[in-house]
K.L.:
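What follows is a single structure, and I will ask about it in a moment.
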Amino acid sequence: MLVLGIETSCDETAVALVDDARRIHANLVLSQLDEHRPYGGVVPEIAARSHLAELPGLVRRALDTAAVSLDQVHGIAATAGPGLIGGVFVGVMLAKGLAAARGLPFLAVNHLEGHALTVRLTEGLAYPYLLLLVSGGHCQLVAVEGLGRYRAYGATLDDAAGEAFDKTAKLLDLPYPGGPAVERLARGGDPARFALPRPLLGRPELNFSFAGLKTAVRQAAEALPPGDAQARADLAAAFQAAVADVLADRAKRALARFQAETGQAGPLVVAGGVAANAALRAALAETALRAGSRLVAPPPALCTDNAAMIAWAGLERLAAGQRDPLDFAARPRWPLDSLTLDQAA
Ligand code: KG4
Ligand code: ZN
């Protein structure tokens with residue numbers, strides 16, 4: 001079974017072809033970074049227009065890369081939300097058009113489910129597992145019990161983890177996107193130089209908060225001696241260490257709850273763009289080991305937005321018998337724990 005996946009919910013135009021033997025036949029990602037960089041963030045209107053211009057050609061290139069024709073494809077999956085709605089429309093409309101023209105099933109995929117199931121594609125991981133989803137727009141802990149069966153343990157009360165990285169990058173005059181730039185700068189830094197807060201650390205409920213940390217970083221950044229490169233690196237490292245501590249503490253508590261509820265020690269899965277961060281992965285791996293569990297993470301290139309994860313989630317749903325109607329409405333908001341196995345119903 002071969003599924004074509006389309007991802008256009010943010011600033012990556014992506015197309016992939018994935019089969020049920022977990023082979024990725026093509027996985028193309030066009031980043032729009034250069035178009036958004038002058039604005040220091042993603043401009044939704046620019047993103048949508050760019051998806052519209054690039055997507056048809058990228059579908060052609062993906063089919064060429066995989067050396068298959070649409071006749072060999074069994075389903076067309078596209079991110080139908082959550083995300084920047086103009087871009088989501090572009091991907092969904094092309095997917096529906098291809099499905100209608102070829103008489104193929106259309107699968108409306110939830111972007112978060114794409115992140116959540118990536119480890120099933122890359123590692124063949126079995127259900128259930130505990131998911132820490134950390135991206136630009138989301139920060140949540142979820143018990144993944146099966147396809148379409150997600151139980152939320154907790155989420156951020158304010159900013160997402162990726163948002164905190166992006167805002168910290170701005171305060172440190174680093175280019176967009178902030179996450180990779182902060183990680184690079186932090187490598188040469190001493191985290192002990194700045195004492196930053198760890199919001200909600202040690203609290204029993206499994207929520208996150210990054211607003212207080214962001215304020216502390218702003219105050220420290222404004223007090224930095226001008227031109228002191230080492231101090232900037234130290235602040236980046238201190239910020240990253242604070243995020244690592246918070247994520248590790250929440251993950252530890254969530255693992256305990258997961259074990260109490262399922263009788264399973266994990267595994268702990270980390271997914272989403274922030275999961276590309278090596279320091280955070282190391283902290284979470286240690287936490288999991290200490291809890292008698294293990295960390296499973298997709299390779300960094302499949303942590304950030306891509307279409308292989310969308311094709312895979314579509315494939316799992318297609319294999320489970322799902323078909324979505326061609327009037328399925330794209331949605332800007334679409335929480336993971338609102339999904340069911342038959343989301344169209
Ligand atoms: O999953 P993703 O590609 O898009 C969303 O669905 O949001 O995540 C993007 C987020 C951005 O905030 C970006 O700064 C962050 O992931 N990110 C990182 C790293 N790479 C990407 N954050 C920390 N360290 C990284 N290496
Ligand atoms: Zn994402």
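Heavy-atom basis, side chains included; hydrogens, waters and symmetry copies ignored. Numbering of ligands and ligand atoms starts at 1, following listing order.
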K.L.:
Please identify which atoms of ligand 1 are closer than 4.0 Å to at least one heavy atom of G162.
P.N.:
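By the 4.0 Å cutoff, the relevant atoms are 12 (O).
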K.L.:
For atom 18 (C) of ligand 1, what is the nearest protein heavy atom, given as residue, atom name and distance?
P.N.:
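For this ligand atom, the closest protein heavy atom is G179 CA, 3.5 Å.
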K.L.:
Find all atoms of ligand 1 within a distance of less than 4.0 Å from any non-hydrogen atom belonging to E183, and give their numbers and elements.
P.N.:
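Close to E183: 25 (C), 26 (N).
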K.L.:
Would one find an N or O of N277, backbone or side chain, under 3.5 Å from an N or O of ligand 1?
P.N.:
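The answer is yes, given that N277 and ligand 1 share an N or O pair closer than 3.5 Å.
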K.L.:
Could you tell me whether ligand 1 has any atom less than 4.0 Å away from a heavy atom of G137?
P.N.:
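Under 4.0 Å: yes for G137.
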K.L.:
For the residue pair D19 and W312, what are the closest heavy atoms and their distance?
P.N.:
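Shortest heavy-atom separation between D19 and W312 comes out as O-CZ3, 3.7 Å.
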K.L.:
Does the side chain of L147 reach to within under 4.5 Å of the side chain of Y127, using non-hydrogen atoms?
P.N.:
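Yes. Closest side-chain heavy atoms under 4.5 Å.
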K.L.:
Looking only at N, O or S atoms, which one in D305 sits nearest to the Zn ion (ligand 2)?
P.N.:
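Within D305, restricted to N, O or S, the Zn ion (ligand 2) is closest to atom OD1.
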K.L.:
Ignoring hydrogens and geometry beyond distance, is a side-chain donor-acceptor pair present between Q230 and D228 at under 3.5 Å?
P.N.:
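Absent: no donor and acceptor within the cut-off.
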K.L.:
Quick one: which ligand 1 atoms are inside 4.0 Å of a heavy atom on H111?
P.N.:
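Once the distances to H111 are compared, the set is 6 (O).
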K.L.:
Which N/O/S atom belongs to H115 and is the closest one to the Zn ion (ligand 2)?
P.N.:
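Of all N, O or S atoms belonging to H115, NE2 is the one nearest the Zn ion (ligand 2).
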K.L.:
Taking the six-membered ring for Trp, are H111 and H115 parallel (under 30°), tilted (30 to 60°) or perpendicular (over 60°)?
P.N.:
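Answer is perpendicular, since the angle exceeds 60°.
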K.L.:
Does any donor atom in the side chain of D11 or Y176 lie under 3.5 Å from an acceptor atom in the other side chain?
P.N.:
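On atom types as modelled, these side chains qualify, holding a pair under 3.5 Å.
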K.L.:
Give the C-alpha distance, both sets of side-chain angles, the deciding distance and a yes or no for ring-ring contact (aromatic ring centres under 6.0 Å, His included) between F165 and F239.
P.N.:
CA-CA 8 Å; F165 268 93; F239 162 77; 4.9 Å; yes
K.L.:
Hydrophobic clusters here meaning ILVMFWY residues chained together by side-chain heavy-atom distances under 4.5 Å, can you tell me if M1 and L17 are in one?
P.N.:
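They do not share one cluster, since no chain of ILVMFWY contacts under 4.5 Å joins M1 to L17.
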K.L.:
If I apply the N/O under 3.5 Å rule, does G136 come out as touching ligand 1?
P.N.:
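Yes: some nitrogen or oxygen of G136 is under 3.5 Å from one in ligand 1.
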K.L.:
Counting C-beta onward and ignoring hydrogens, is there a side-chain heavy-atom pair between L131 and V119 closer than 4.5 Å?
P.N.:
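L131 vs V119: side chains apart.
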K.L.:
In a check of side-chain hydrogen bond (donor to acceptor under 3.5 Å, both in side chains) between Y150 and each of Q140, E145, E113, which one passes?
P.N.:
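The single option meeting the side-chain hydrogen bond (donor to acceptor under 3.5 Å, both in side chains) with Y150 is E113.
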K.L.:
Should you measure from each heavy atom of H115, which atoms of ligand 1 turn up under 4.0 Å away?
P.N.:
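Listed by number with element, the hits are 1 (O), 6 (O).
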K.L.:
Below 4.5 Å, heavy atoms only, C-beta onward: do C139 and F210 meet side chain to side chain?
P.N.:
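Sidechains of F210 and C139: in contact.
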K.L.:
Would you check the N or O atoms of D305, main chain and side chain alike, for any that come under 3.5 Å of an N or O of ligand 1?
P.N.:
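Among all N and O atoms of D305, at least one is under 3.5 Å from an N or O of ligand 1.
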K.L.:
For the Zn ion (ligand 2), find the closest N/O/S atom belonging to H111 and write down its atom name.
P.N.:
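Per the distance ranking, H111 contributes NE2 as its closest N/O/S atom to the Zn ion (ligand 2).
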K.L.:
Any nitrogen or oxygen of F165 lying under 3.5 Å from a nitrogen or oxygen in ligand 1? Just yes or no.
P.N.:
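N/O-N/O distance under 3.5 Å: no.
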K.L.:
So which heavy atom in the protein is nearest atom 21 (C) of ligand 1, and how far is it from that ligand atom?
P.N.:
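Here the closest protein heavy atom is G273 O, 3.4 Å.
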K.L.:
Considering only heavy atoms of S135, which atoms of ligand 1 have at least one such atom less than 4.0 Å away?
P.N.:
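Once the distances to S135 are compared, the set is 1 (O), 5 (C), 6 (O), 7 (O), 8 (O).
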K.L.:
Can you tell me which portion of D166 lies within the under-4.0 Å heavy-atom range of ligand 1? Options are side chain, backbone, both, or neither.
P.N.:
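Side chain only.
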